[in-house]
Amino acid sequence: METPVIETSNLKIEVLPNLEALSHRAASFFVAASGNSIATKKRFAVAISGGFTPRGLYKLLGSVPYRDQVNWQHVHFFWVDERCVPKDHEESNFKAAWDSFLSSIPIPDGNIKRIRGEEEPGKAAVDYEEDIKKYFGISELPVFDLIILGMGEDGHTASLFPGSKLLKETIRLAVPVYLPKPTCNRITLTFPILNNAAQILFLVAGRSKASILSEILGDREKKKRFPAGLINPVHGYMTWLIDQEAAERLRGLKS
Ligand code: 6PG
């Protein structure tokens, strides 16, 4: 069955019946994107998010058939953001990815660039930024081949929250995010590097996101109120994979 799609020159919005179908679509998207990038650049540098929505995708990437369709030797994993906790803490985005699939794919350890959440946040952000610059080996702004993002119920993405002064960061690639207890402090990539990606893949599911999503995808002005609405690739391509529940307030786009 054809999924409803809106497509422009640098944006595609696709509605899937449910989270399982969305996860499979995201897995085939990942396989295709990695194949194209490795064929042309001999590498696939991808930054992944935490949260619940991408877990289905991550499990699929660690399972047949998808696991065997990616040339993991040339894939390099970074994180969009991380909680300031040890890597074995249940809040850790690294742990979530490690347990879901990283531990079961043939990827060299050196290809996994973890954000060291156990360090003091300011130092962890500086160290991570150095790791990024060392990998991309260029003085200009690094270009990730793919960045996978989610969207919170308040319209945040990465660890960029509504009203944060970090939304205005134009120099740093990665910054510490100090949040009120009991929430963990975090480290996050900033808009300059997020919007410089060759491909952005948003994964959004659930009725609780429908209202904000309709503003972000449907209203040029209102979208600017939300960090997720400020993700606009400067020269890349953005794909939104959303499920039917999250799409229910979108006019003209029903599964
Ligand atoms: C994180 C993520 C965060 C996430 C959104 C959506 O570390 O939590 O990077 O930005 O993508 O909060 O989370 P859900 O997928 O759980 O709704």
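Order of listing sets the numbers, starting from 1, for every ligand and every atom in it. None of these values were measured; they are calculated from a predicted model.
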Where does the angle between the aromatic ring planes of F77 and W79 fall among parallel (under 30°), tilted (30 to 60°) and perpendicular (over 60°)?
-> tilted

Heavy-atom contacts with H156 under 4.0 Å: which atoms of ligand 1 show up? List them by number with element.
-> 3 (C), 5 (C), 10 (O), 12 (O)

Nearest non-hydrogen protein atom, atom 7 (O) of ligand 1 | N93 ND2, 2.9 Å

Hey, are N111 and H74 close enough side-chain-wise for a donor-acceptor pair under 3.5 Å?
-> no

Between D154 and I212, what is the shortest heavy-atom contact and its length?
-> C-CD1, 3.6 Å

Salt bridge (Lys or Arg N to Asp or Glu O under 4.0 Å) with E129: which residues, sequence neighbours excluded?
-> K133, R172

Using the six-membered ring wherever Trp is involved, compare the ring planes of F44 and F30 and label them parallel, tilted or perpendicular (cut-offs 30° and 60°).
-> perpendicular

Would you check whether R83 reaches within less than 4.0 Å of ligand 1, judged by its heavy atoms?
-> yes

Those atoms of ligand 1 less than 4.0 Å from some heavy atom in A158 = 3 (C), 9 (O), 10 (O)

Between atom CZ of R116 and atom SG of C84, what is the distance when rounded to the nearest 0.5 Å?
-> 12.5 Å

R186 near ligand 1 by a heavy-atom separation under 4.0 Å | yes

Note: V80, heavy atoms under 4.0 Å from ligand 1, region reported as neither

Report yes if some N/O of K209 lies less than 3.5 Å from some N/O of ligand 1; otherwise report no.
-> yes

Under 4.0 Å from any heavy atom of G150, which atoms of ligand 1 are there?
-> 11 (O)

When D145 is tested against each of Q199, R43, H76 for side chain to side chain contact (heavy atoms under 4.5 Å, CB included), which residue passes?
-> R43

Give the numbers and elements of all ligand 1 atoms closer than 4.0 Å to a heavy atom of F52.
-> 14 (P), 15 (O), 16 (O)

Looking only at heavy atoms of D81, does any of them come nearer than 4.0 Å to an atom of ligand 1?
-> yes

CD-CG distance between Q244 and L250, expressed to the nearest 0.5 angstrom = 11.5 Å

Please list, chain by chain and in numerical order, all residues satisfying ring-ring contact (aromatic ring centres under 6.0 Å, His included) with Y66, sequence neighbours excluded.
-> H24

Protein contact to atom 13 (O) of ligand 1 [nearest heavy atom, distance to 0.1 Å] = G51 CA, 3.9 Å

Considering the heavy atoms of S49, write down every atom of ligand 1 situated less than 4.0 Å from one of them.
-> 9 (O)

Atom 15 (O) of ligand 1: nearest protein contact (heavy atom, Å) = T53 OG1, 2.6 Å

